[in-house]
Amino acid sequence: MSPVSTATSRLPRDFFARSSVDVARDLLGCLLSFGGVTLRLTEVEAYAGQVDPGSHAFRGETPRTRPMFGPAGFTYVYFTYGNHWCLNLVAGQEGTAEAVLVRAGEVVEGHELVRARRGNVAERDWARGPGRLGQALGMGGEHTGRDFCRPVLGEPIDLVVAEPARPVPAGAVATGPRVGVSGPGGDGTAYPWRFFLEGDRFVSAYRPGTVKRRRATAPRL
DNA sequence: ATACCGATTGGCT
DNA sequence: GCCAATCGGTATC
């Protein structure tokens with residue numbers, strides 16, 4: 001039996017109610033289970049809500065970002081580029097709209113399920129990147145705004161975030177600019193809030209954010 | 001009503 | 001390394 005599959009203590013809401021940066025760092029190595037698939041988290045990013053130009057919540061609450069403005073311990077799943085569903089775990093105090101983007105992981109359980117969803121791609125790429133990870137887990141818009149800390153009441157919760165059997169050594173955690181975050185003052189280099197396991201194969205490739213172009217004038221036909 | 005764009009990915013040069 | 005795909009969210013007219 002693999003040591004990682006033996007850890008089963010669900011992280012409490014208090015764990016997520018801290019600053020997104022602290023939560024992100026501590027999530028590395030943790031086990032995230034959803035619908036029969038378990039990932040060992042290798043890469044995450046912190047977003048600091050309304051004071052963070054790179055955050056979806058920067059311009060205030062909208063129907064999409066509503067879960068971010070709620071209490072910690074809920075999901076925020078968003079759709080992007082016409083194809084991809086990406087998973088966030090809401091952090092911080094209610095109203096601050098902090099969240100942690102789950103960017104990559106290693107599949108440690110549910111290989112058959114993931115193989116079916118991800119097709120014939122290298123196992124290394126099954127959940128290496130937020131879009132791929134969402135697909136590996138079978139994430140969709142119906143999974144946003146879900147409480148993953150509440151123990152048993154109400155609708156079934158199939159998302160579990162648990163401590164690893166063995167915590168990752170502090171020296172194994174690396175930080176850097178966030179991936180793909182763009183815009184004036186919002187580029188990823190502004191905050192080194194990407195956390196990943198140094199040297200781990202299941203970490204996505206770094207890509208800098210694109211420089212935002214400004215169109216000269218509006219077409220206004 | 002409409003235009004712009006993205007916390008990405010996969011394919012091709 | 002470069003770039004098109006693809007469509008919901010958001011801002012704007």
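Since the structure is predicted, the reported quantities are computational estimates derived from the model, not experimental observations.
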| Quick one: A/F58 CZ to B/dG6 P, roughly how many Å, whole number? | 15 Å

| request: Have a look at A/R207 and say if it touches a base, only the backbone sugar-phosphate, or nothing, with a 4.0 Å heavy-atom cut-off. | output: base

| Who are the ring-ring contact (aromatic ring centres under 6.0 Å, His included) partners of A/F69, not counting sequence neighbours? | none

| said: Is it the case that the side chain of A/R13 and the backbone of A/A72 share a donor-acceptor pair, with hydrogens and angles ignored and the cut-off at 3.5 Å? | reply: yes

| query | Could you give the OH-to-C1' distance, from A/Y206 to B/dT9, as a whole number of Å? | reply | 17 Å

| query | Does the A/T42 side chain pair with the main chain of A/L197, one donor and one acceptor, at a distance under 3.5 Å? | reply | no

Produce the list of close N/O pairs, under 3.5 Å, pairing protein atoms with atoms of nucleotides 5-9 of chain C; give distances to one decimal.
unit_1 : atom_1 : unit_2 : atom_2 : d
C/dT6  : O2     : A/Y81  : O      : 2.5
C/dG9  : O3'    : A/R64  : NE     : 3.1

| query | Of A/V121, A/L133, A/V37, which is the lone residue that meets side chain to side chain contact (heavy atoms under 4.5 Å, CB included) with A/W126? | reply | A/V121

| query | Of all of residues 130-138 of chain A, which get a heavy atom below 4.0 angstrom from DNA chain B, listed by number? | reply | A/P130, A/G131, A/R132

| query | Planes under 30° and centres closer than 5.5 Å, is that true for A/Y47 with the base of B/dA7? | reply | yes

| message | Short of 4.0 Å, heavy atom to strand atom, which residues of residues 115-125 of chain A count as contacting DNA chain C? | response | none

| For A/T75 and A/L159, what are the C-alpha separation, side-chain angles and deciding distance, and is it a side chain to side chain contact (heavy atoms under 4.5 Å, CB included)? | CA-CA 9 Å; A/T75 58; A/L159 175 65; 3.4 Å; yes

| query | Can you list the steps and then say if A/E106 with A/R201 is a side chain to side chain contact (heavy atoms under 4.5 Å, CB included)? | reply | CA-CA 9 Å; A/E106 172 182 0; A/R201 295 178 64 242; over 6 Å; no

| Quick one: A/R128 CZ to B/dG10 P, roughly how many Å, whole number? | 10 Å

| task | Tell me, with the steps shown, if A/D158 and A/R146 meet salt bridge (Lys or Arg N to Asp or Glu O under 4.0 Å). | result | CA-CA 10 Å; A/D158 49 0; A/R146 301 247 299 243; 3.0 Å; yes

| task | Check for a donor-acceptor pair, side chain of A/D147 on one end and backbone N or O of A/C149 on the other, with a separation under 3.5 Å. | result | yes

| said: Main chain of A/R128, side chain of A/R132: is a donor-acceptor contact present, judged purely on distance under 3.5 Å? | reply: yes

| query | Which residue pairs pass the salt bridge (charged side-chain N to carboxylate O under 4.0 Å, His left out) test when at least one of the two sits in residues 73-100 of chain A, sequence neighbours left out? | reply | none

| request: Could you tell me the separation between the CZ atom of A/R178 and the C1' atom of B/dG6, rounded to a whole number of Å? | output: 15 Å

| remark: Only one of A/W85, A/F74, A/F34, A/Y76 passes ring pair (Phe, Tyr, Trp, His ring centres under 6.0 Å) with A/H143, and that residue is A/F34

| task | Please say whether more than 12 non-hydrogen atoms of neighbouring residues, nucleotides or ligands are located less than 6.0 Å from CZ in A/R66. | result | no

| query | How long is the line joining CD of A/E45 and P of B/dG6, in whole Å? | reply | 16 Å

| said: Do A/E45 and A/P130 have side chains that approach each other closer than 4.5 Å (heavy atoms only, starting at C-beta)? | reply: no

| field | Nearest-Å distance once atom P is located in both B/dT2 and C/dT6 | value | 22 Å

| note | From OH of A/Y191 across to P of B/dA7 the rounded distance in Å is 15 Å

| query | Which stems, defined as runs of 3 or more consecutive Watson-Crick or G-U wobble pairs with both pairing distances under 3.5 Å, involve DNA chain B? | reply | B:1-6 with C:7-12, B:8-12 with C:1-5

